[in-house]
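Computation of the quantities below employed the complete heavy-atom set of this structure, encompassing side-chain atoms and omitting hydrogens, waters and symmetry-equivalent molecules. Ligands are counted one by one from 1 in listed order, and the atoms in each one are counted from 1 as well.
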Amino acid sequence: MPSFATEVKNELARSAGKKKCCQNAELAALLRMGASMLIGARMNLGLNFTTENAAVARRALQLLKATGQVQPEVTVSRAKRLKKNNRYLLRIAPSPPVRPLMEELGMLGADEGTVGRDRALLRKQCCRRAYLRGAFLGGGTVNRPDAEANLEFIAGSYAFAHTIVHVLKNMDFPVGFTDRKNSYQIYIKDGEEIMDLLAMLGAPKAAEELAVARNLREVRNQVNRLVNCETANLQRTVNASVEQLAAIKKLSEAGVLEGLGPKLMAAAQARQAHPDFSLAELGEVLGISRGAVSGRLKKLLAQAAVLAAEEK
Ligand SMILES: [Zn+2]
């Protein structure tokens with residue numbers, strides 16, 4: 001079964017927009033996440049892009065072809081072991097048209113001033129969304145709906161990570177940022193915000209799955225609270241019953257129970273016969289109200305207390 005993050009990427013890769021401006025923004029972020037530059041003869045540039053996700057590979061291929069400037073080749077290395085994913089390699093052989101494309105996509109000198117370079121790509125709201133989609137396709141992950149809420153972008157360059165943070169903050173997403181040895185994590189831990197982000201990037205079905213899981217969790221918590229509450233009530237009934245039974249035993253052993261009259265006698269017998277009954281249930285047995293049962297049991301407790309005081 002594919003992971004939830006893979007499902008999200010499949011949905012994003014299928015739903016991606018067709019506007020030319022957005023395609024470049026998406027491609028720039030996607031390549032920034034998974035591509036490495038090749039240098040060939042006469043300083044010509046080429047490109048390698050690898051991913052384990054077939055939908056992401058197809059999307060990268062589609063976007064590269066849409067530029068009309070390069071012809072990528074695709075190779076698949078099949079997983080030899082179980083539970084290992086295939087790897088897809090998109091390769092653009094070093095050739096003269098690659099350099100201008102890389103320049104257009106802000107891939108050259110990508111470690112400094114990426115934000116500045118990407119400003120042209122990020123001018124419009126639609127393109128900013130596409131940029132984040134590309135970044136997620138290339139280096140995003142998100143927890144399963146039944147797990148703790150967490151969505152992350154993992155970037156290899158500080159400047160690129162900073163750009164992602166900048167774009168997300170501009171859209172008012174509450175982002176966190178950590179730096180771990182050449183790897184930069186940008187994360188969101190709020191469930192609602194993650195749903196909003198996925199829906200905005202073009203994965204409304206995944207967002208819906210998160211919402212359903214969240215509702216289920218809420219219902220389950222409510223049920224647990226109710227059960228706990230009933231357990232507490234039951235415990236109270238049991239505690240009271242234990243106390244009443246002790247009082248009845250004491251009165252009976254002292255030989256004073258019969259002397260307290262038929263009503264208290266009947267209440268005492270009903271309690272002895274049904275130690276686990278609530279007051280209302282005892283009331284049904286005796287054909288009297290819950291309040292009346294409570295009154296009679298209190299009298300029994302009081303009589304036993306008098307007896308205990310006399311003994312001292
Ligand atoms: Zn656009």
Inset, instruction - Starting at CZ of Arg133, measure out to CG of Leu12 and round the result to the nearest 0.5 Å. - result: 7.0 Å
Legend entry - side chain to side chain contact (heavy atoms under 4.5 Å, CB included), paired with Phe49, selected from Leu30, Leu61, Leu89: Leu30
Inset, instruction - Check the hydrophobic clustering (I, L, V, M, F, W, Y; side-chain heavy atoms under 4.5 Å; chains of links allowed) and say if Val165 and Met171 are grouped together. - result: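 Val165 clusters together with Met171.
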Inset, instruction - Sum up the protein N, O or S atoms located under 2.8 Å from the Zn ion (ligand 1). - result: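 With waters ignored, the protein N/O/S count below 2.8 Å is 4.
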Legend entry - Exam field: side chain Arg271 to backbone Phe277, donor-acceptor pair closer than 3.5 Å: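 Pair found, side chain donor or acceptor close to backbone of Phe277.
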N/O donor to acceptor pairs below 3.5 angstrom from side-chain atoms of residues 188-213, sequence neighbours left out:
{"from": "Lys189", "atom 1": "NZ", "to": "Asn150", "atom 2": "OD1", "distance (Å)": "3.0"}
{"from": "Asp190", "atom 1": "OD1", "to": "Glu192", "atom 2": "N", "distance (Å)": "2.9"}
{"from": "Asp190", "atom 1": "OD1", "to": "Glu193", "atom 2": "N", "distance (Å)": "3.1"}

Inset, instruction - Classify the angle between the aromatic ring planes of Tyr158 and Tyr184 as parallel (below 30°), tilted (30 to 60°) or perpendicular (above 60°). - result: perpendicular
